[in-house]
Amino acid sequence: MTVESSNDTIDISQLPKHFDATAAEAKFQALWSDLGIFRYDPSKSRDETFAVDTPPPTVSGSLHVGHVFSYTHTDIIVRYQRMLGKNIYYPMGWDDNGLPTERRVQNYYHVRCDPKEPFEEGLELKQVSSAERKKPPRIISRPNFIDLCTTLTMEDEKVFKDLWQRLGLSVDWSEEYSTIGKFCRTMAQLSFLDLFKKGHVYGAEGPTMWDVDFQTAIAQAEVEDREVDSAFHDIRFGVLDSDETYVISTTRPELLPACVGVTFHPDDDRYKHLSGKKALTPLFHTEVPLFPSTLVEPDKGTGILMVCTFGDQTDVQWWREEKLGLKQIILQNGRLANIAFGKNGWESRSPDLANAFYSQLAGKTLKQARSAIVDMLQSAEGAAGGNEPPLVGSPKQIRHAVKFFEKGEKPLEFIITRQWFVRLLDKKDQLLRKGEEIKWFPGFMHSRYRDWTQNLNIDWCISRQRYFGVSFPVWYRLDGEGKPDYENPILGKKEELPVDPSTAHPDGFSEGQRGKPNGFMAEPDVFDTWFTSSLTPQIGSHWVLDEERHRRLFPMDVRPQSHEIIRTWGFYTIAKAMLHEDEIPWKNIKISGWVLDPDRKKMSKSKGNVVVPAELLEKFSSDALRYWSGNARLGVDTAYDENIVKIGKRLVVKIYNASKFVLSQKGAVSDISCELDRAFVDRLRKVVGTTTEQLNVFNFSGALSTVESFFWNSFTDTYVEFSKMRAWGGEGIEPKDQGSAIAALRLGLEALIKMFAPFIPYICEEVWSWRFAKETGIGSVCIAPWPKEEDYRDIPLPESPKSLDTAGAVYSAINREKSDNQLSRGAYIEKITLSAAPATIALIETIANDVKGAVRCDSWELIPKDGLDEEAIELSNMQVRERK
RNA sequence: GGGCGGGUAGCUCAGCUGGCAGAGCACCGGCCUUACAAGCCGGGGGUCACAGGUUCAAAUCCUGUUCCGCCUACCA
């Protein structure tokens, strides 16, 4: 095993005193790029490949340490897999599709999109001044609008890319995509065509959750509850052809004109005699059915309530089940429509009165309408029966949860519109089974998926009334009156994707027939952004377009993501893979927690508690930030703690110094023959095993802590100290078994550098470049083989597995003695007496030379003493000598 | 209301397939020691949220309580 002597690489002693992280980051990014070692090799088989379904970040969002955190987690796993020899598929996408981008573009260029506008070839716009922003916006076509969005998002993408590269993400930059790019649009449209062919999508007109500001439909997954102030209003209703009255309770009095029924619990003695009769509404004098329903809670409000089209989801249910009339008074912009009572569908016992009241509401926002109608209800004239004011008492303030679009500012309304849906409600069991086939890390995150899937109650609404998105590849024929035939849509042709139906026309028609009777019209909507991003595995594998590649990448090995999008990105991706190919999209899903601010609050731009990564990278280095990321357990929300970053930085310094020390040893290496060296290698072997097991189950924080404590406790603070005197000698101590010591030190360092490399690649690459690169012929630690326990099988086991611990115990005991006597740890001991259990004494004798050297002890007397614990070491008669 | 996670040293957290309570930071003391003072050696500090149970043995398993966080439901 004796190989060579001396330093045939760089002169370690000439290395700078301090590690220049910034310089190293630039240097090694260039090296990695030159070597092309992050490239995916499409010729390799599925078994040899490790495919990652990288989350495409939303580029118009703000960049904060949370990005560093979760992307580093994935990079650690990827770097580990690469060192195992896997062919890595690790792409980067940009999610530039969607509302946030639209808003930015509208402001930046001061434009609005109108899909009916004709496309302007070569349109170029610049950022507008604030003065110009006061003028009406320029109206442009959808293709032009999309061009602007694309241009602007490219800038955002650059900022992200710079960060990723500095962080050292080992992404294959030749596999970059953007969700609004041509390729992804093709994929999304292919997906739609496939779902259509398989019967999984349908268009339908019906009450749909609607955001009145964005004026678009949204899906269940984008809804969130918010606690808001509200009030119960008690309103007296009448019974047709009777003097009887009763009081309903509502939080939405403005919907009184849209009242289509009144309901109560069937067992409620107060009201059950009303069943089958007609109610008479105040103000509008409308006859509506009174019917019982078990959904009513008798204890809530007055136990009897009005059903409107539509106040909430239960109203939708009653409307459907009881086949009630439809009175849609809310317009898509959230204002009340112009309605004439007395006409068909808006019958009233007193149309003039009804219209007089309603005219005060028409055109108002829902909020304005609410206060207006409360005023009317407080005056007596509108009562249905009797002359009491319909409003009983004063409104009772409450706080309750109301559904909002997660990006919206006003409560959602249910409005009847035509939308496209993916049918999922009938496939819950199948979806749950797919969830079982996937391994969840951490395991408990699986329950989020399970709960969400079980509680689904609306099919996936995939159409959005927006512009910057992927268009439906769909047109409709118009009949002789110009009415669209929604039942028989014309679909785009696979070969012609991506198609924008607002500029392209379907086969068999000419452009001149657009919008004309007997002609055609484009589907104006775009896909929900999740419709595209739920295809990221297929986008990577080039599903449909390249069967060979698809087979080699799909299902992917791992999906990294955060927990709040399990119900969207995670869920929809599983659904798509199932609907398209009855497959799972990936074998594993690995879920990172959030980064919270130091007070454990979620970071958000509005709270102003966002920690920005750029300056941290500058101040602490990429490795230090990566250390902080790698330190947090998977799936656990983690408060940003600068102390951990500092510890990372210190670890880097320590590795630099320790490596310099170990590699500056000049001397021949020989067999690892000494007991302590063998004991060290034995421990190293175990650490390699543990670390590998941990990384195999994505437990990177455990792995980091295993390697780190081995490095710090076993390597630098003890083992290196033991081998020092032996390798170098010292006052009165001759070097002994130098070759064995140097060999073991290098062996240990090489393994440590490799095991640290996935976490803190820059410092590891630096050390690798000093010697190991040349020695192994491997130009980068990134592709060095991950250490295996078998690598050390030729090195004999130590006499006792306890050697290193016992040496440590003696070392500690003597240091304590020195510390108690206010001596330097480097003080020389002329003579000392050690008492310990006989077995321990025997063990100390086998390692005496190393330990004596480490504690600077010329000679000692060992006294076996029965009755002591194996670990106990008692010292006496310490005699210190002057340094020579 | 249902579900999930968490409560361990002053702080941040690890340990949780049961076996002597751990790390880092902070604090205290010592030390220039020929890799590293951006360092090293040592020290103090805990009713493992609470109550009960299983067990020779519980931070760890079971039951209940409580507090914190998240997911989900709750619009009359």
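The chains referred to below are lettered A, B, ... by the order of the sequence lines, with proteins before strands, and numbering in each begins at 1.
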Separation of the [atom1] atoms in [N] and [M], to the nearest angstrom:
N: B:rG7; M: B:rG46; atom1: C1'; result: 14 Å
N: B:rC74; M: B:rC62; atom1: P; result: 32 Å
N: B:rC27; M: B:rU63; atom1: C1'; result: 41 Å
N: B:rA9; M: B:rC4; atom1: P; result: 26 Å
N: B:rG22; M: B:rC67; atom1: P; result: 32 Å
N: B:rC50; M: B:rC11; atom1: P; result: 15 Å
N: B:rG45; M: B:rG2; atom1: C1'; result: 42 Å
N: B:rC16; M: B:rG6; atom1: C1'; result: 13 Å

Short side-chain N/O contact to [N] OP1/OP2 from [X], under 4.0 Å:
X: A:Lys818; N: B:rG42; result: no
X: A:Arg816; N: B:rG43; result: yes
X: A:Arg633; N: B:rA14; result: yes
X: A:Lys649; N: B:rC36; result: no
X: A:Arg567; N: B:rU72; result: yes
X: A:Gln220; N: B:rA73; result: yes
X: A:Trp712; N: B:rC40; result: yes
X: A:Lys17; N: B:rA38; result: no

With hydrogens left out and only the distance checked, is there a donor-acceptor pair under 3.5 Å joining A:Ser819's side chain and the base of B:rG29? yes
N/O donor-acceptor pair, side chain A:Asp451 with base B:rC4, under 3.5 angstrom: no
Contacts of A:Asn699 meeting side-chain contact (heavy atoms from CB on, under 4.5 Å) (sequence neighbours excluded), chain-then-number -> A:Gln694, A:Val697, A:Ser701
Please say which of A:Ile329, A:Asp315, A:Thr250 ends up in a side chain to side chain contact (heavy atoms under 4.5 Å, CB included) with A:Cys308. A:Asp315
Please work out if A:Tyr656 contacts a base, only the sugar-phosphate, or nothing of the nucleic acid, heavy-atom cut-off 4.0 Å. nothing
Give one of base, sugar-phosphate or nothing for A:Ser812, where a contact means two heavy atoms less than 4.0 Å apart. sugar-phosphate
Assert yes or no for the condition that the ring centre distance of A:Phe711 to A:Tyr719 is strictly below 6.0 Å. no
Can you confirm whether more than 12 heavy atoms, excluding those of A:Glu409, are under 6.0 Å from its CD atom? no
Would one find more than 12 heavy atoms of other residues, nucleotides or ligands at under 6.0 Å from atom NZ of A:Lys272? yes
Listing request: all salt bridge (Lys or Arg N to Asp or Glu O under 4.0 Å) pairs with a residue in residues 709-721 of chain A, at least two apart in sequence or in separate chains. A:Glu721-A:Lys724, A:Glu721-A:Arg825
N-O pairing of A:Asp312 and A:Arg252 below 4.0 Å: no
Canonical and wobble pairing (Watson-Crick, G-U, under 3.5 Å) of RNA chain B, dot-bracket with |: ((((((((.[[[[.)...(..]]]].(((((.......))))).....[[[[[..)....]]]]])))))))....
Side chain of A:Asp717 only, heavy atoms from C-beta on: which candidate in B:rC75, B:rC40, B:rG43 is closest? B:rC40
Choose from B:rG43, B:rC41, B:rU12 the nucleotide whose nearest atom is closest to any side-chain atom of A:Asn815. B:rC41
Please report the interatomic distance CG(A:Asp641) to CH2(A:Trp628), rounded to the nearest 0.5 Å. 9.5 Å
